[in-house]
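Note sheet for the following structure.
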Amino acid sequence: MLRCAVPLLLLFYVAESQPVTVNCNELLMGQFLCPDPAKNHIDPKTQQLRGCTKENRARVWCIAANEINCTETGNSSFTREMPCKWTNGYHLDTTLLLSVFLGMFGVDRFYLGYPGIGLLKFCTLGGMFLGQLIDIILIALQVVGPADGSAYVIPYYGAGINIVRSDNTTFRYCNQLYCMQQ
């Protein structure tokens with residue numbers, strides 16, 4: 001009974017503590033809030049983090065939990081790299097409209113930077129409209145994106161689609177995990 005009482009008393013004991021100074025890049029999840037909600041990190045034109053690079057990373061200001069100071073800045077704020085989606089001005093709604101109304105002429109593929117497929121669709125009238133229908137579905141599901149590898153500009157900030165592709169790297173990684181379990 002006494003064993004249980006000591007931890008409970010320690011739990012309810014409130015002590016005055018001094019802030020701890022640490023390297024904030026080594027903080028664990030739950031010890032910081034990223035991005036800092038007091039700062040405006042979202043670009044209204046692209047609906048992505050400001051300063052997003054082609055490597056899909058952006059540096060944002062974060063804030064450490066109470067009683068934690070960072071060695072980098074001397075206070076509770078610090079910068080950290082966050083994942084983002086690099087955009088280059090291709091709008092999803094524009095692409096879908098082009099695909100629906102002018103897809104039989106390949107305008108959607110020309111707009112995305114695929115002139116070869118656009119010319120093929122133009123010559124075959126959108127693959128007898130079957131290619132146009134397939135492109136509408138692929139563009140709506142964001143399977144077909146801009147040729148430069150950027151993401152679409154979507155007119156809202158929130159949940160999005162992340163395409164997971166399997167290649168030799170993921171096959172080897174999954175195979176190593178499988179071999180480790182046996």
Side-chain angles (χ1 to χ4, degrees), residues 24-25 27 29 32-63 72 77-179:
C24 285
N25 287 320
L27 290 177
M29 181 97 55
F32 64 91
L33 181 60
C34 221
D36 183 0
K39 299 187 181 341
N40 187 9
H41 290 286
I42 306 301
D43 184 1
K45 291 180 182 171
T46 62
Q47 297 298 314
Q48 291 296 322
L49 292 172
R50 292 181 194 272
C52 189
T53 63
K54 287 185 178 183
E55 291 78 33
N56 294 328
R57 307 294 290 167
R59 222 148 175 62
V60 297
W61 281 98
C62 304
I63 189 162
E72 299 91 347
S77 61
F78 63 100
T79 59
R80 183 181 212 111
E81 278 196 347
M82 296 287 295
C84 61
K85 292 182 180 177
W86 174 66
T87 59
N88 200 16
Y90 295 98
H91 294 263
L92 179 63
D93 47 358
T94 304
T95 309
L96 273 173
L97 287 172
L98 287 173
S99 187
V100 169
F101 294 111
L102 299 172
M104 75 277 295
F105 304 117
V107 175
D108 54 345
R109 291 297 188 136
F110 281 111
Y111 174 73
L112 290 175
Y114 300 102
I117 298 174
L119 189 62
L120 181 69
K121 281 179 68 176
F122 177 76
C123 293
T124 61
L125 202 58
M128 299 308 237
F129 299 103
L130 183 63
Q132 179 187 9
L133 178 64
I134 291 171
D135 267 356
I136 291 170
I137 294 169
L138 292 177
I139 290 170
L141 293 175
Q142 299 178 29
V143 173
V144 172
D148 62 1
S150 64
Y152 287 113
V153 174
I154 301 175
Y156 64 88
Y157 179 76
I161 295 176
N162 289 326
I163 304 299
V164 178
R165 290 186 165 76
S166 178
D167 58 7
N168 274 346
T169 307
T170 54
F171 174 75
R172 278 190 233 116
Y173 178 71
C174 293
N175 203 11
Q176 286 174 353
L177 287 177
Y178 178 72
C179 293

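- Within the model, atoms CD of Glu81 and CG of Leu49 stand 11.5 Å from one another, a figure rounded to the nearest 0.5 Å.
- When atom types are taken as modelled, the side chain of Asn56 and the backbone of Trp86 share a donor-acceptor pair closer than 3.5 angstrom.
- Taking both residues in full, the closest heavy atoms of Gly103 and Asp108 are given as CA-OD1, 4.0 Å, listed atom of the first, atom of the second, then distance.
- Distance check, rounded to the nearest 0.5 Å: CD1 of Ile63 to CZ of Arg80 gives 14.0 Å.
- Here the closest non-hydrogen pair linking Gly127 and Thr124 is N-OG1, 2.9 Å.
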Exercise for review: Quick one: do Phe105 and Leu125 satisfy side-chain contact (heavy atoms from CB on, under 4.5 Å)? Show the steps, please.
Suggested key: CA-CA 6 Å; Phe105 304 117; Leu125 202 58; 4.0 Å; yes
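- Listed here is the closest heavy atom pair of Gln47 and Ile154: CG-O, 3.3 Å.
- To the nearest 0.5 angstrom, Leu112 atom CG is 7.0 Å from Tyr90 atom OH.
- The shortest non-hydrogen separation linking Tyr152 to Val144 is OH-O, 2.6 Å.
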Exercise for review: Begin with the C-alpha distance, continue with both residues' side-chain angles, and end with the deciding distance and a verdict on side-chain contact (heavy atoms from CB on, under 4.5 Å) for Thr87 and Lys45.
Suggested key: CA-CA 10 Å; Thr87 59; Lys45 291 180 182 171; over 6 Å; no
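- The environment of CZ in Phe110 is crowded: more than 12 heavy-atom neighbours from other residues, nucleotides or ligands sit within 6.0 Å.
- Between the CE atom of Met104 and the CG atom of Leu102 there is a distance of 7.0 Å, given to the nearest 0.5 Å.
- Contact record, Tyr111 with Gly89: OH-O, 3.9 Å, taken as the closest heavy-atom pair.
- Looking at Cys52 and Arg57, their side chains never come closer than 4.5 Å, going by heavy atoms from C-beta outward.
- Note that the CG atom of Leu98 and the CD1 atom of Ile136 stand 11.0 Å from one another [nearest 0.5 Å].
- Between the side chain of Gln48 and the main chain of Ile42, no donor-acceptor pair closer than 3.5 Å is present.
- When all heavy atoms of Ala147 and Tyr114 are compared, the pair lying nearest together is CA-OH, 3.6 Å.
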Exercise for review: Begin from the C-alpha positions of Asn40 and Arg50 and carry the test side-chain contact (heavy atoms from CB on, under 4.5 Å) through to its verdict.
Suggested key: CA-CA 9 Å; Asn40 187 9; Arg50 292 181 194 272; 3.5 Å; yes
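- Here the CG atom belonging to Asp135 is positioned 10.0 Å from the CG atom belonging to Leu130, to the nearest 0.5 angstrom.
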